[in-house]
Amino acid sequence: MEQNAKILVIIPAYNESQNIENVIDHLMAQESNYDYLIINDGSTDNTVKICQERHFQYLNLPINLGIGGAVQAGYVYAQRNGYDVAVQMDGDGQHDIAYLKDMLPPILNNEADIVIGSRFLEKEGFQSSVTRRIGIKILSFLILLTTGKKIMDVTSGYRAVNKKFIDIYVRDYPTDYPEPEAIVTAIMNRGRITEVPVQMRARESGKSSITFRKSVYYMIKVTLAILVCRLSYGIRRSKV
């Protein structure tokens, strides 16, 4: 089935000039039969120049939309070009394309609509900081509380979705820190979600854009967004 499926790897990138070459070189060395698209999210460094010089496949956003807007742009591209599966992976080198062979079968065999690459099933590889792991556990519990679905790695940006959810995310995808909210959206649309174990790496170069202050904002914003998302879908269903 995989040989007949059109698969697109969406790679959002904001100021990833130090990492993007290694990411694409690794992808092409491991899985050259998959299409990919770098979404340059208004970078101010040399990300675009590198893409041009290396003849990478990329979409240039004229302004910074944030991770949610960049990923959604990738979904729009996937929908318009008839892809069967869209895969999100970061442009900072944390995600290993080799694990895609484990993430695709549940979708290609129609066992899942969304597959999340999880750091916490086997607890190997880079596990993030203690503070972030605590935050992830809180968000995981909140999603369990509001939807009844237990997801271990709710902030993982390494995930694959089928054509149904390509279409849904084109219409409805969170903008700011979208990963936990996108899970709630999927659950509310009766999506079948599964996690598979992956190992992640620390950033190869550069700094994360999430500071301590942003981490506090992140927790407050995402908590409220999950509650609002769950409530809004409940109201929609009650009107049907």
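- Of all heavy-atom pairs between Thr194 and Ala112, the closest is CG2-CB, 3.8 Å.
- Not one N or O on the side chain of Asp172 forms a donor-acceptor pair closer than 3.5 Å with the backbone of Ile168.
- In this structure, Ile134 is a member of the same hydrophobic cluster as Phe120, with clusters built from ILVMFWY side-chain heavy atoms closer than 4.5 Å.
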List the steps, then state whether side-chain contact (heavy atoms from CB on, under 4.5 Å) holds for Glu21 with Val23.
CA-CA 5 Å; Glu21 286 189 276; Val23 170; over 6 Å; no

Tell me, with the steps shown, if Ile7 and Glu31 meet side-chain contact (heavy atoms from CB on, under 4.5 Å).
CA-CA 11 Å; Ile7 298 167; Glu31 302 291 353; over 6 Å; no

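- No donor-acceptor contact under 3.5 angstrom links the side chains of Tyr14 and Asn40, judged on distance only.
- Ion pairing between Arg190 and Asp113 fails under the 4.0 Å rule for side-chain N and carboxylate O.
- Both Ile63 and Tyr77 are assigned to one and the same hydrophobic cluster, defined by single-linkage of ILVMFWY side chains at heavy-atom distances under 4.5 Å.
- Using a 3.5 Å distance cut-off with no hydrogens or angles, the side chains of Asn19 and Asp92 do not pair a donor with an acceptor.
- Judged by distance alone, with hydrogens and angles left aside, the side-chain atoms of Asp153 form a donor-acceptor pair with the main-chain N or O of Arg119 at under 3.5 Å.
- Using a 4.5 Å heavy-atom threshold, the side chains of Gln30 and Leu100 count as separate.
- When all heavy atoms of Ser43 and Ala13 are compared, the pair lying nearest together is OG-O, 3.5 Å.
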Evaluate the side chain to side chain donor-acceptor pair (under 3.5 Å) criterion for residues Glu181 and Tyr173: first the C-alpha distance (whole Å), next the side-chain angles of each, then the deciding distance (0.1 Å), finally the verdict.
CA-CA 8 Å; Glu181 295 175 60; Tyr173 198 78; over 6 Å; no

The test is side-chain contact (heavy atoms from CB on, under 4.5 Å); show your working for Asp35 and Gln57 and say whether it passes.
CA-CA 9 Å; Asp35 293 341; Gln57 301 298 314; over 6 Å; no

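- Nearest heavy-atom pair, Ala86 versus Ala78, reported as atom, atom and distance to 0.1 Å: CB-CB, 4.4 Å.
- Exactly one residue among Arg80, Arg171, Gln88 makes a side-chain hydrogen bond (donor to acceptor under 3.5 Å, both in side chains) with Tyr75. That residue is Gln88.
- The shortest distance between side-chain heavy atoms of Ser17 and Thr47 falls below 4.5 Å.
- There is a path of hydrophobic side-chain contacts, each under 4.5 Å, that joins Ile38 to Met28.
- In this structure, Tyr36 has no ring pair (Phe, Tyr, Trp, His ring centres under 6.0 Å) partners at least two apart in sequence or on a different chain.
- The side chain to side chain contact (heavy atoms under 4.5 Å, CB included) test applied to Asp84 returns Ala5, Lys6, Lys163, not counting sequence neighbours.
- Met89 has its side chain within reach of Val9: a pair of non-hydrogen atoms, C-beta onward, lies under 4.5 Å apart.
- A side-chain donor-acceptor contact under 3.5 Å links Ser156 to the backbone of Gly117.
- Residue-environment remark: NZ (Lys49) stays at or below the threshold of 12 foreign heavy atoms within 6.0 Å.
- The closest side-chain heavy-atom distance from Leu61 to Ile39 is below 4.5 Å.
- If you chain together hydrophobic residues whose side chains sit under 4.5 Å apart, Ile183 and Ile138 fall into the same group.
- The two residues Pro180 and Ile143 have their closest heavy-atom pair at O-CD1, 3.8 Å.
- Atoms CE and OH, on Met200 and Tyr99 in that order, are 10.0 Å from each other to the nearest 0.5 Å.
- Leu8 places none of its side-chain heavy atoms less than 4.5 Å from the side chain of Val85.
- In this structure the side chain of Ile116 never reaches within 4.5 angstrom of the side chain of Val154, judged on heavy atoms.
- To the nearest 0.5 Å, atom CD1 of residue Ile114 and atom CD1 of residue Ile151 are 9.0 Å apart.
- No side-chain N or O of Tyr169 forms a donor-acceptor pair with one of Gln79 less than 3.5 Å apart.
- With rounding to the nearest 0.5 angstrom, the CG atom of Asp45 is 8.0 Å from the CD atom of Gln18.
- Put simply, CD1 on Ile193 and CZ on Arg159 are 8.0 Å apart, with the number rounded to the nearest 0.5 Å.
- Using a 4.5 Å heavy-atom threshold, the side chains of Asn162 and Ile166 count as separate.
- To the nearest 0.5 Å, the span separating CD on Glu179 from CG on Leu139 amounts to 10.5 Å.
- In terms of heavy-atom proximity, Asp41 sits nearest to Ile67 at OD2-N, 4.2 Å.
- Between Arg192 and Glu111, no side-chain nitrogen of the basic residue sits less than 4.0 Å from a carboxylate oxygen of the acidic one, so the salt-bridge criterion is not met.
- One N or O on the side chain of His95 and one on the backbone of Asp90 form a donor-acceptor pair closer than 3.5 Å.
- Counting only heavy atoms from C-beta outward, the side chains of Leu37 and Ile11 never approach each other to under 4.5 Å.
- Summarising the geometry, atom OH belonging to Tyr58 is positioned 13.0 Å from atom CD1 belonging to Ile24; distances are rounded to the nearest 0.5 Å.
- In this structure, Val196 and Leu121 approach most closely via the heavy-atom pair C-CD1, 3.6 Å.
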